[in-house]
Amino acid sequence: MTDLSHLARPGATITIRVTPNARRPGVELVEGQIRVAVTETPEAGKATEAARAALAKAMGVAKTRLTLVRGATSRDKIFRLDD
C-alpha cells in the first residue's frame, strides 16, 4: 500500500479513482493520480465506504475525518480531510 501521509493536511481535497470488484484491494499512485482498488461491489455505497477506509489507512488518519465532497455514484471521487 502506498504511503500518502504527506497529503494529511486539514482542509485538503483528495481526488481518487476507485476500481470496484477488484481482485486485490490496494492504494497506489499512478502518474500523479491516486487509484484505490476495492473488492466490494458498487451497490449501496459499499465501494465508496471501502475506498474511504483504504484512503484513510494510506494517509494515516481516521476514516471519519474524510468527507465525500463529490462522486457518490462515480468512479472519480473527491474527499476532504476535516480537522
Side-chain angles (χ1 to χ4, degrees):
M1 185 171 291
T2 304
D3 178 26
L4 300 175
S5 60
H6 64 280
L7 298 175
R9 286 173 277 144
T13 56
I14 300 101
T15 303
I16 66 170
R17 180 153 185 103
V18 178
T19 303
N21 292 326
R23 289 184 183 186
R24 292 185 208 151
V27 178
E28 58 186 7
L29 192 59
V30 179
E31 298 178 6
Q33 183 181 38
I34 301 170
R35 296 190 181 188
V36 180
V38 296
T39 56
E40 285 75 6
T41 60
E43 297 172 350
K46 292 178 186 175
T48 300
E49 287 306 311
R52 178 193 319 259
L55 180 61
K57 184 175 181 181
M59 292 175 67
V61 299
K63 65 182 178 181
T64 56
R65 290 185 60 196
L66 289 173
T67 302
L68 183 65
V69 176
R70 188 178 312 148
T73 59
S74 173
R75 290 182 61 189
D76 296 315
K77 301 183 183 303
I78 298 176
F79 285 97
R80 182 183 64 243
L81 182 62
D82 296 329
D83 294 333

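These numbers come from the heavy atoms of this one structure, side chains and all, not from hydrogens, waters or symmetry mates.
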Undergrad: Testing the 3.5 Å rule here: is there a donor-acceptor pair between the side chains of Ser5 and Asp3?
TA: yes
Undergrad: Mind checking the CD1-OG1 spacing from Ile78 to Thr13? Nearest 0.5 Å is all I need.
TA: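 Result: 6.5 Å between the selected atoms.
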Undergrad: State the CD-CD distance between Glu28 and Gln33, to the nearest 0.5 angstrom.
TA: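 Glu28 CD to Gln33 CD: 10.0 Å, rounded to 0.5 Å.
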Undergrad: Would you name the heavy atoms of Lys77 and Ala72 that are closest together and state the gap between them?
TA: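 Looking at all heavy atoms of both residues, the shortest contact is NZ-O, 3.4 Å.
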Undergrad: For the atom pair CZ (Arg24) and OG1 (Thr19), what is the distance rounded to the nearest 0.5 Å?
TA: 14.0 Å
Undergrad: If you take all heavy atoms of Thr15 and Ile34, which pair is closest and at what distance?
TA: O-CB, 3.9 Å
Undergrad: Please name the pair of heavy atoms, one in Ala47 and one in Pro42, separated by the smallest distance, quoted to 0.1 Å.
TA: CB-CA, 3.9 Å
Undergrad: Measuring from Arg35:CZ to Ile16:CD1, what's the distance to the nearest 0.5 Å?
TA: 12.0 Å
Undergrad: Go through Val30 and Arg17 one step at a time and tell me if the side chain to side chain contact (heavy atoms under 4.5 Å, CB included) criterion holds.
TA: CA-CA 10 Å; Val30 179; Arg17 180 153 185 103; over 6 Å; no
Undergrad: Could you tell me which non-hydrogen atom of Ala58 sits nearest to which non-hydrogen atom of Thr2, and how far apart they are?
TA: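 Smallest heavy-atom distance, with atoms named: CB-O, 3.4 Å.
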Undergrad: Can you tell me how far CD of Glu40 sits from CD of Glu49, rounded to the nearest 0.5 angstrom?
TA: 10.5 Å
Undergrad: Please determine which of Leu81, Leu4, Leu7, Val18 meets the side-chain contact (heavy atoms from CB on, under 4.5 Å) test together with Leu55.
TA: Leu4
Undergrad: Assigning hydrophobic clusters by single linkage (Ile, Leu, Val, Met, Phe, Trp, Tyr; side-chain heavy-atom cutoff under 4.5 Å), is Val38 placed with Leu29?
TA: yes
Undergrad: To check you understand the geometry: which heavy-atom pair defines the closest contact between Ala54 and Val36, and what is its length?
TA: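 Taking Ala54 first and Val36 second, the nearest heavy atoms are CB-CG1, 3.9 Å.
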Undergrad: How far apart are the closest heavy atoms of Arg52 and Thr67, and which atoms are they?
TA: NH1-CA, 3.9 Å
